[in-house]
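A short worksheet on the structure shown next.
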Amino acid sequence: MGRADTVNRRDDHSPLARAELPANTVSLARYLIGKVVVRELPEGIASGRIVETEAYVVGDAAGHGYRGMTPRNRSLFLERGHAYVYLAYGISTMLNVSSEMQGIGTGVLIRALEPLEGIPIMQLNRGIERLRDLARGPGRLAQALRIDRSLDGLDLCRQGPLWLAGDGHEAGEIGQSIRIGISKDADRLLRFYVRKSPFVSGPGSLNA
DNA sequence: GACCCGATTTCCT
DNA sequence: GGAAATCGGGTCA
């Protein structure tokens, strides 16, 4: 297989149109697999293909929007396609995409990326070289793309500091499993991942 | 205003 | 494989 540090020749960074995003959280989590997260930094563009997501749905006790809107989670209640960024464990920043319609506190957690462009930038941000570890895991992903709370609430369907794009690349076979690291509503199969991808965090064959 | 705990990562045994 | 690190938001007094 080819080295993954080859330059991505596609330069189409057109944002996904909001109208093409499924208006349903689980469908959106599935839909985002294979799409591209694009980050614009002073040093240039850094991007990666989404290989793992988790859905946090309506009535989901594990979801941050479960108990209603608060100052922290208000972005989850935006119309689908907006960023919800928060800090977990005081250490790890998480990137989510709001789903459903305005007023519904649901979203999709982006858990892992396959690095595409700006790999040297990501290596510097992470302080490591190894490609596979650059964005394997939600906290690592955010660190690699230098995502912080200042991006909370951003419209990801518009070009800016951070947005979602598609390059027409087909995602590989998609697996489904329970979500990682949660205790409430833990039995639901709301995690999606590319089966053969080495860039997926956690068990890549944890299906049911 | 104190206390609890989490959608994780990293290092140590 | 296991536990510590770390901090802001939510809950309750």
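Computed from a prediction, not measured in an experiment: that's the story for all the values here. Here is the naming used below: chain letters follow the sequence lines, and residue numbers restart at 1 for every chain. The basis for the numbers below is simple: all heavy atoms, side chains too, and nothing from hydrogens, waters or symmetry mates.
- Using a 4.0 Å cut-off on heavy atoms, the residues of residues 83-92 of chain A that approach DNA chain C are A:Tyr89, A:Gly90, A:Ile91, listed by number.
- Heavy-atom neighbours of A:Met69 CE from other residues, nucleotides or ligands within 6.0 Å: above the threshold of 12.
- Helical stems of DNA chain B (runs of at least 3 Watson-Crick or G-U pairs, donor-acceptor distances under 3.5 Å) are listed by first residue: B:1-6 with C:7-12, B:8-12 with C:1-5.
- Of all heavy-atom pairs between A:Val200 and A:Ala112, the closest is CA-CB, 4.3 Å.
- Note: CZ (A:Arg130) to C1' (B:dT9) measures 15 Å, nearest angstrom.
- Near DNA chain C, meaning a heavy atom under 4.0 Å from it, residues 93-108 of chain A has no residue at all.
- Ring centroids of A:His64 and A:Tyr56 are separated by 6.0 Å or more, keeping the two rings apart.
- Taking 4.0 angstrom as the limit, A:Arg67 places none of its side-chain polar atoms (N or O) nearer than this to OP1 or OP2 of C:dG9.
- Residue A:Arg67 qualifies as open at atom CZ: its count of foreign heavy atoms under 6.0 Å is 12 or below.
- Residue A:Glu52 contributes atom CD, which lies 10 Å from atom P of B:dT8 at whole-angstrom precision.
- Side-chain nitrogen and oxygen atoms of A:Arg149 include at least one within less than 4.0 Å of the OP1 or OP2 phosphate oxygen of C:dG9.
- Looking at heavy atoms from C-beta onward, A:Glu40 lies in side-chain contact with A:Trp163 at the 4.5 angstrom threshold.
- One finds no side-chain N or O of A:Arg72 lying less than 4.0 angstrom from the OP1 or OP2 phosphate oxygen of B:dA7.
- Looking only at distances, a side-chain donor or acceptor of A:Arg74 sits under 3.5 Å from a matching main-chain atom of A:Pro71.
- Look at CZ on A:Arg74: it is 16 Å from P on C:dG8, rounded to the nearest Å.
- Counting any heavy atom pair closer than 4.0 Å across all strands shown, A:Arg179 reaches no nucleic acid atom.
- Atoms CG and CG, on A:Leu113 and A:Leu95 in that order, are 8.0 Å from each other to the nearest 0.5 Å.
- Atoms CZ and OG, from A:Phe192 and A:Ser27 in turn, are 8.0 Å apart once rounded to the nearest 0.5 Å.
- Taking atom NE2 of A:His64 as the reference point, atom C1' of B:dG6 lies 7 Å away to the nearest angstrom.
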